[in-house]
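Computed from a prediction, not measured in an experiment: that's the story for all the values here.
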Amino acid sequence: MPKKVLILALVLYLTSSIVSYFSFRALAKQSTQVAQQESELEGLLEQEEDLILDISPDEKKTEACPLNGKLFTKTEKEAWEKRRPLAVMIENHPDSRPQSGFTNSDIVFEAIAEGGVTRFMGMYYCDAQRKDIELAPIRSARTYFINFASGFYWPLYVHVGGANLPGLSDALGQLSDYGWVGDNDLNQFSIGYPVFVRDYNRLGKDKDLATEHTMVTSTEKLWQYAAEEREWTNLNPDRRISRSLTGEADWNEEYEGWSFEDKKGEVGEATTVSYDFWSGYDDYSVKWEYNPETNAYRRFMANQPHIDLNNDQQIEASNVIVFLTDEKGPINEKKHMLYRTEGTGKALVFKNGQAINATWNKKTRESELSFTDSKGKDLKFARGLTWVSVIDKGNEVSY
């Protein structure tokens, strides 16, 4: 075969191979993109199937949540106006993580339950109307969480039992003394299945869970049970409604809530916040990192992203409040704690990347919790999830 012909054949072969390679590569990439789009579409369809409200895609978010100022549709507002907020006790032992439901909470309170182990109380109202939100793992009541919940005018308090030793930490005794047992207390001990279910596989079949880490419920199960079995809706108990009114009335009748702002202003320099509850208890160390794209703080715990099991998303809070107060305890053999939640004290508020020295105020157990700035004016918060960490006033907060 002549040399020129051989070279020409080799060139044609190489050209054909290169063209084929890039053609197949383009087709493969296109196929992958199509598959990804189909997967995303299926995910969206699944999300739509999970919706429990008929919300038009064109419906604008114009209605401010009374708890955290976040904007929702009128359809969602019509749904939450028929209910009272849920105040849900959720645990934080390392074996129970990740928890379920925090990305759909409106406010979260965080404090030590006993022995350096922290616990949460999530407030669910506005962001839990569109879909049924799984909540887990549910744990027991503590007195200072009850005190914070009291400022929301008889919310539905969700827990599994509670501290019951005689004395100042007797949460179950307090629920009875305050009249909550007959009017707004959703204790698993008196309700049970199917509102509350023990799921030993909630973290996967390969992870063995102790019984105390397995209690699961959901927002719709709780609201449905409250309405159908106990006739608890948006109305406060008629024997004692709010602070001054008499007879039945909406829980929100006298609720003032916090102030919120739409304009975030300039981003400050407090873009990383960290603190411990107890020194040496690194499993509960908290860090927040400001995300300018969402104007919120990403939460880390034990140097790991704090993830919501429901959607595998990292928790982000628009406002991070470090509530500085007097810590007392452990006060008994169960290592129960006490925190002062009434009166006034100092707080650090982080929003928009800014650190603000504030003062917290709560005149009585039933008073709303409020925050003021250095001039004594009500502090304006960013709209969205607000996270309140309660720590001893002597603890260091780095930012």
> In the hydrophobic clustering that connects Ile, Leu, Val, Met, Phe, Trp and Tyr at side-chain heavy-atom distances below 4.5 Å, which members other than Val197 occupy its cluster, ordered by chain and number?
Replying inline: Tyr193
>> Which residue in the set Tyr255, Trp251, Phe152 passes ring-ring contact (aromatic ring centres under 6.0 Å, His included) when paired with Tyr125?
In response: Trp251
>> Through direct or indirect side-chain contacts below 4.5 angstrom among Ile, Leu, Val, Met, Phe, Trp and Tyr, which residues connect to Leu338?
In response: Leu168, Ile331
> Just by distance, with hydrogens left out, do Gln224 and Glu228 show a side-chain donor and acceptor under 3.5 Å apart?
Replying inline: yes
> What distance do Gln129 atom CD and Leu51 atom CG have between them, rounded to the nearest 0.5 Å?
Replying inline: 12.5 Å
>> For a salt bridge (charged side-chain N to carboxylate O under 4.0 Å, His left out) check, start with the C-alpha distance between Glu110 and Arg299, then their side-chain angles and the critical distance, and finish with the verdict.
In response: CA-CA 13 Å; Glu110 174 183 26; Arg299 180 177 165 91; 2.7 Å; yes
> Taking the six-membered ring for Trp, is the centroid-to-centroid distance between Phe109 and Phe120 below 6.0 Å?
Replying inline: no
> Any luck finding a side-chain donor-acceptor pair between Asn234 and Asn252 under 3.5 Å?
Replying inline: no
>> Taking the basic N atoms (NZ, or NE/NH1/NH2) and the acidic carboxylate oxygens, is any pair closer than 4.0 Å for Lys287 and Glu289?
In response: yes
>> Let me confirm one number: the CG-CG distance from Asp183 to Asn236, rounded to the nearest 0.5 Å.
In response: 9.0 Å
Using residues 277-284 as the side-chain source, report each donor-acceptor pair under 3.5 Å to any protein atom, sequence neighbours left out, with the distance given to one decimal.
unit_1 : atom_1 : unit_2 : atom_2 : d
Trp278 : NE1    : Glu327 : OE1    : 3.3
Trp278 : NE1    : Glu327 : OE2    : 3.2

> Does a donor on one side chain sit under 3.5 Å from an acceptor on the other, for Thr103 and Gln313?
Replying inline: no
> With under 30° as parallel and over 60° as perpendicular, where do the rings of Phe323 and Trp360 fit, or are they tilted in between?
Replying inline: parallel
>> I'd like to know if the side chain of Glu316 pairs up with that of Thr294 as donor and acceptor (distance under 3.5 Å, no hydrogens or angles considered).
In response: yes
> Are side-chain N/O atoms of Asn92 and Gln99 paired as donor and acceptor at under 3.5 Å?
Replying inline: yes
> Do Leu186 and Leu222 touch side chain to side chain, with heavy atoms closer than 4.5 Å?
Replying inline: yes
> Just by distance, with hydrogens left out, do Thr386 and Asn68 show a side-chain donor and acceptor under 3.5 Å apart?
Replying inline: no
> Strictly by modelled atom types, are Asn319 and Tyr297 linked by a side-chain donor-acceptor pair under 3.5 Å?
Replying inline: no
> So, Ser398 versus Tyr275: side-chain donor-acceptor pair below 3.5 Å or not?
Replying inline: no
>> Quick one, Gln188 with Met215, criterion side chain to side chain contact (heavy atoms under 4.5 Å, CB included). Give me CA distance, side-chain angles, the key distance, then yes/no.
In response: CA-CA 9 Å; Gln188 183 268 337; Met215 191 63 74; 3.5 Å; yes
>> Show me the pairs that pass disulfide bond (SG atoms under 2.5 Å apart) and involve residues 263-334, at least two apart or across chains.
In response: none
> In terms of the angle between their ring planes, are Phe72 and Trp80 parallel, tilted or perpendicular, with boundaries placed at 30° and 60°?
Replying inline: perpendicular
>> Using a strict threshold of under 4.0 Å (side-chain N to carboxylate O), is an ion pair present between Lys380 and Glu261?
In response: no
> When Ile, Leu, Val, Met, Phe, Trp and Tyr are grouped by side-chain heavy atoms lying under 4.5 Å apart, directly or through other members, which residues fall in the same group as Leu209?
Replying inline: Leu203, Leu309
> Which disulfide bond (SG atoms under 2.5 Å apart) pairs, counting each pair once, include a residue from residues 105-193, with sequence neighbours left out?
Replying inline: Cys65-Cys126
> Does any pair with a residue in residues 141-158 pass salt bridge (charged side-chain N to carboxylate O under 4.0 Å, His left out), and if so which ones, sequence neighbours excluded?
Replying inline: Glu114-Arg142
> With no hydrogens and no angle check, do the side chains of Asp378 and Ser259 hold a donor and an acceptor under 3.5 Å apart?
Replying inline: no
> Under the 4.5 Å side-chain heavy-atom rule for ILVMFWY, direct or indirect, which residues accompany Leu71?
Replying inline: none
>> What verdict does the side chain to side chain contact (heavy atoms under 4.5 Å, CB included) test give for Phe350 and Val397, after you've listed the backbone C-alpha separation in whole Å, the side-chain angles of each residue and the deciding distance to 0.1 Å?
In response: CA-CA 12 Å; Phe350 299 92; Val397 181; 4.3 Å; yes
> Are Pro155 and Asn184 close enough that some pair of their side-chain heavy atoms sits under 4.5 Å apart?
Replying inline: yes
> Taking only residues two or more places apart in sequence or in another chain, which ones pass side chain to side chain contact (heavy atoms under 4.5 Å, CB included) with Leu172?
Replying inline: His159, Asn164, Asp170, Leu175, Asn187
>> Strictly by disulfide bond (SG atoms under 2.5 Å apart), give each pair with a member in residues 316-373 just once, sequence neighbours left out.
In response: none
>> Could you check whether Arg130 and Thr75, counting side-chain N and O atoms only, form a donor-acceptor pair closer than 3.5 Å?
In response: no
>> For the aromatic rings, using the six-membered ring if either is Trp, is the centroid distance between Trp288 and Trp387 under 6.0 Å?
In response: yes
>> Tell me whether Glu231 at atom CD has more than 12 heavy atoms from other residues, nucleotides or ligands lying less than 6.0 Å away.
In response: no
> Between Phe102 and Leu385, what is the shortest heavy-atom contact and its length?
Replying inline: O-CD2, 4.1 Å
> Between Asp326 and Tyr339, is any pair of side-chain heavy atoms under 4.5 Å apart?
Replying inline: no
> When you check the gap from the basic side-chain N to the acidic O, do Glu76 and Lys70 get nearer than 4.0 Å?
Replying inline: no
> So, are Glu220 and Arg83 salt-bridged, with charged N and O less than 4.0 Å apart?
Replying inline: yes
> Without hydrogens or angle criteria, can the side chains of Thr214 and Thr211 be said to hold a donor-acceptor pair below 3.5 Å?
Replying inline: no
>> Quick check: do Asp50 and Asp132 have side-chain heavy atoms less than 4.5 Å from each other?
In response: no
> Quick check: are there more than 12 heavy atoms from other residues, nucleotides or ligands sitting under 6.0 Å from NZ of Lys346?
Replying inline: no
> Any salt bridge (charged side-chain N to carboxylate O under 4.0 Å, His left out) pairs touching residues 85-102, not counting sequence neighbours?
Replying inline: Glu91-Arg139
> Who are the side chain to side chain donor-acceptor pair (under 3.5 Å) partners of Asp276, not counting sequence neighbours?
Replying inline: Ser285
